[in-house]
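Heads up, the thing below is written out as structure tokens.
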Amino acid sequence: MTNQEFAQIFKNISIILEIKGDTKFRVIAYERAADIIGSLTKDVEDVYKEGGLKALEEIPGVGISIAEKIEELIKTKHLKYYECLTKQFPEKMLVLTSVPGIGAKTAFALYKKLKIDSISKLEHAAKSGLLLKLPHFKAKSAQNILRGISQFQAKTKEQERMVLTTAGPLAEEALNYLKKNKAIKRCDTVGSLRRMKETIGDIDLVACTPKSKEIVVYFSKAPFVKDILMKGDTKISILHKKNIRMDVEILPETDYGSLLQHFTGSKEHNVHLRTWAEKNKLSISEYGIKDLKTKKVHHFADEKKLYEFLGMQYIEPELREDRGEIEAALAHKLPKLIGYNDLQGDLHCHTKSSDGHNTLIELAQKAISKKYKYLGISDHTHGLGVAHGLSNKEILKHKTEIEKINKKVGGIKLLVGAEININADGGLDISQEVLQQLDYGIGSVHSAFNQSESEMTKRILSAIKQGIKIIGHPSGRLIGHRPGYAVQWIDIFKACAKYKVALEINSFPERLDLKDTLIKDALSYGCKFCIDSDAHELEHMDLIKYGIATARRGWATKNDIINTWDLEKIRSWFKN
DNA sequence: GCCGTTTTCGGCCCGACTGTTTTCAGTCG
């Protein structure tokens, strides 16, 4: 079973328990376990195989009871407890809770009283007036359900979550609209977009002004608003014309730090922070920090001061995922993350010689404008026919051209690289003789993605031992289109550290590969990384900020990233 | 059901908005 399948079962259990009216803490416990298991980088089945029940219990949110249920699922493919629950509360009806506005209780009422167990039946019931037969249901309720259904349908049609480059411009548009209003002192993007999470669900914004009610009305009239989902004194939620939900929260300037902190999340980070605070007789909300002993409320206009007040280091938004950052901040042991201006070069880009759109000169000029000191040219090798990959002979000719440009253009050094295919059998589609004449080679998997975990691991390990210096887009995933291939990461990390091969952090928003959690894992094995644009056009070089964000989310420091080093250091590293 | 620098028992983040109600449950972030 995959982690997602385990997570789904525990999520369903939590919904059913909520329907049953079980204690809310048990409901939360199952929900939390589902969330954590769903976002684990390691397979739960592997955790169990390697360490049994004890190892399962070490997963946060998993105690003896849930660990035993995982064991039962692995051993028998069934879970008696769950089957018992679904006899009374069929799995099928749980789909109703994916409609915004319908929670566990409403879903069950719909099922019990009206036998509704699908979205289409729900839609029919709302339109036909059947819903009015339920207690506490009037015209408005039916209307809201229909709206929820259309939101649900729009979302599934257009994909569940957006990549960063889709969300960014929409947030920018909304901020620009807010900034036009003179009553607004400041406004910012918060939520998962501020944390630079790889995919974004809703867009969250905050603003500060003494006139929050006025701003709620102002925002409700923005030209991009398709529908108003919710409107209060300090909050408004709208549906953007592109069917994306936008939430705005508005408070006075004196509480802006608290507001930023609260709305940036993540939920898990905030719950952990507030639980910790509660034990220290403090209560945290977006309105400040209340001292439970003296009842005094401390206000924070500045977010940094808020963490300082708690005796913690400032926690960068990219780290706020409840992955140990709170403990590290308390111990003053947070890493100093790589900065957005720390790169001295980019080591992965393509020219017209393979499948890029630009010449060497154009790329060099773009690199100069980005204040880079070096730029690695890495066109495809011949195995990748669709990308017009270069033969051994052509690579050497390309090398001569690059050297010519180096003599002509000042202020930047072009390095001679290549993006080499790692063949299905682990061989490289470049001769060793030619590889040795390059500054470095990037090894990438571009074919036979469906190999077994052991074959794929062997394949990449083989490439590592043949002298490549970087593994390109190491997992091969395309967000929303293709999961990464199966591979035994620990073996790869150990080999990369031993043979001094950097793991690429590819900056394409659909890739962001290696991903944040794997970066953090790899760091513990002593791996180095290389943040690359993989540019095929000049504009792609500006996507590098998303790669940097991903490195930051993976807790990487400047020194962990080889292309923050100067030319001399990086060259000597390539030679070893 | 989970968890522990007060605790192996007794807690569990905090608040806004909505609809249908006269005080709140349900839902959401």
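Throughout, a chain's letter reflects where its sequence line sits, starting with A, and its residues are numbered from 1. Values in this document were obtained by computation on a predicted structure and should not be read as measured data.
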**Message:** At 4.0 Å (heavy atoms only), tell me whether A/Tyr30 reaches a base, stays on the sugar-phosphate, or touches nothing.
**Reply:** sugar-phosphate
**Message:** Please give the distance between the C1' atoms of B/dT23 and B/dT18 as a whole number of Å.
**Reply:** 14 Å
**Request:** Give A/Ala104 one of three labels, base, sugar-phosphate or nothing, depending on what nucleic acid heavy atoms sit under 4.0 Å from its own.
**Result:** sugar-phosphate
**Request:** Look at all strands and tell whether A/Lys140 reaches a base, only sugar-phosphate, or nothing, counting heavy atoms closer than 4.0 Å.
**Result:** sugar-phosphate
**Request:** Could you tell me whether A/Ser283 contacts a base, only the sugar-phosphate backbone, or nothing, with contacts defined as non-hydrogen atoms closer than 4.0 Å?
**Result:** sugar-phosphate
**Item:** Side chain A/Tyr218, main chain A/Tyr177, donor-acceptor under 3.5 Å
**Value:** yes
**Heavy-atom donor-acceptor pair, A/Asn270 side chain to A/His262 backbone, under 3.5 Å** = yes
**Prompt:** Touch check for A/Leu17, heavy atoms < 4.0 angstrom, all strands: base, sugar-phosphate only, or nothing?
**Reply:** nothing
**Request:** Specify the residue among A/Pro100 and A/Ile59 whose closest nucleotide of DNA chain B lies further upstream toward the 5′ end.
**Result:** A/Ile59
**Request:** Describe the nucleic acid contact of A/Thr234 in one word from base, sugar-phosphate, nothing, applying a heavy-atom distance below 4.0 Å.
**Result:** sugar-phosphate
**Message:** Run the salt bridge (Lys or Arg N to Asp or Glu O under 4.0 Å) test on A/Asp117 and A/Lys121 for me, step by step, so that the C-alpha distance in whole Å, both residues' side-chain angles and the decisive distance to 0.1 Å come before the verdict.
**Reply:** CA-CA 7 Å; A/Asp117 60 1; A/Lys121 281 184 195 166; 2.9 Å; yes
**Request:** Give the intermediate values and the outcome of side-chain contact (heavy atoms from CB on, under 4.5 Å) for residues A/Arg323 and A/Glu268.
**Result:** CA-CA 9 Å; A/Arg323 294 178 185 154; A/Glu268 292 76 13; over 6 Å; no
**Separation of A/Leu543 CG from A/Ser507 OG (nearest 0.5 Å)** = 7.0 Å
**Message:** Using atom C1' in both nucleotides, what's the gap between B/dG1 and B/dT8 to the nearest angstrom?
**Reply:** 14 Å
**Prompt:** What are the bounds, 5' to 3', of the part of DNA chain B that sits under 4.0 Å from heavy atoms of chain A?
**Reply:** B/dG1 to B/dG29
**Message:** When both hydrogen-bonding distances must be under 3.5 Å and the geometry is Watson-Crick or G-U wobble, what is B/dG4 paired with, if anything?
**Reply:** B/dC9
**Message:** Within the 4.0 Å heavy-atom criterion, would you say A/Ile64 contacts the bases, only the backbone, or no part of the nucleic acid?
**Reply:** sugar-phosphate
**Asked** How far does the P atom of B/dC12 sit from the matching atom of B/dC17, given to the nearest Å?
**Response** 25 Å
**Prompt:** How far does the P atom of B/dC13 sit from the matching atom of B/dC3, given to the nearest Å?
**Reply:** 13 Å
**Item:** Separation of the C1' atoms in B/dT20 and B/dA25, to the nearest angstrom
**Value:** 10 Å
**Request:** Applying ring-ring contact (aromatic ring centres under 6.0 Å, His included), run through A/Phe219 and A/Phe224 and close with a yes or a no.
**Result:** CA-CA 10 Å; A/Phe219 195 75; A/Phe224 46 78; 5.7 Å; yes
**Message:** Mind checking if A/Val62 touches a base, just sugar-phosphate, or nothing, with heavy atoms under 4.0 Å?
**Reply:** sugar-phosphate
**Message:** Checking the side chain of A/Glu5 only, and the main-chain atoms of A/Thr2 only, is there a donor and an acceptor separated by less than 3.5 Å?
**Reply:** yes
**Asked** Does A/Glu278 or A/Lys281 map to a spot on DNA chain B nearer the 5' end, using the closest nucleotide for each?
**Response** A/Lys281
**Complete:** Exactly one of A/Glu316, A/Glu321, A/Glu318 clears salt bridge (Lys or Arg N to Asp or Glu O under 4.0 Å) with A/Arg195, and that residue is A/Glu321
**Touch class at under 4.0 angstrom, heavy-atom based, for A/Lys231 against every strand present** = sugar-phosphate
**Prompt:** When all nucleic acid strands are considered with a 4.0 Å heavy-atom cut-off, which category describes A/Ile28: base, sugar-phosphate, or nothing?
**Reply:** nothing
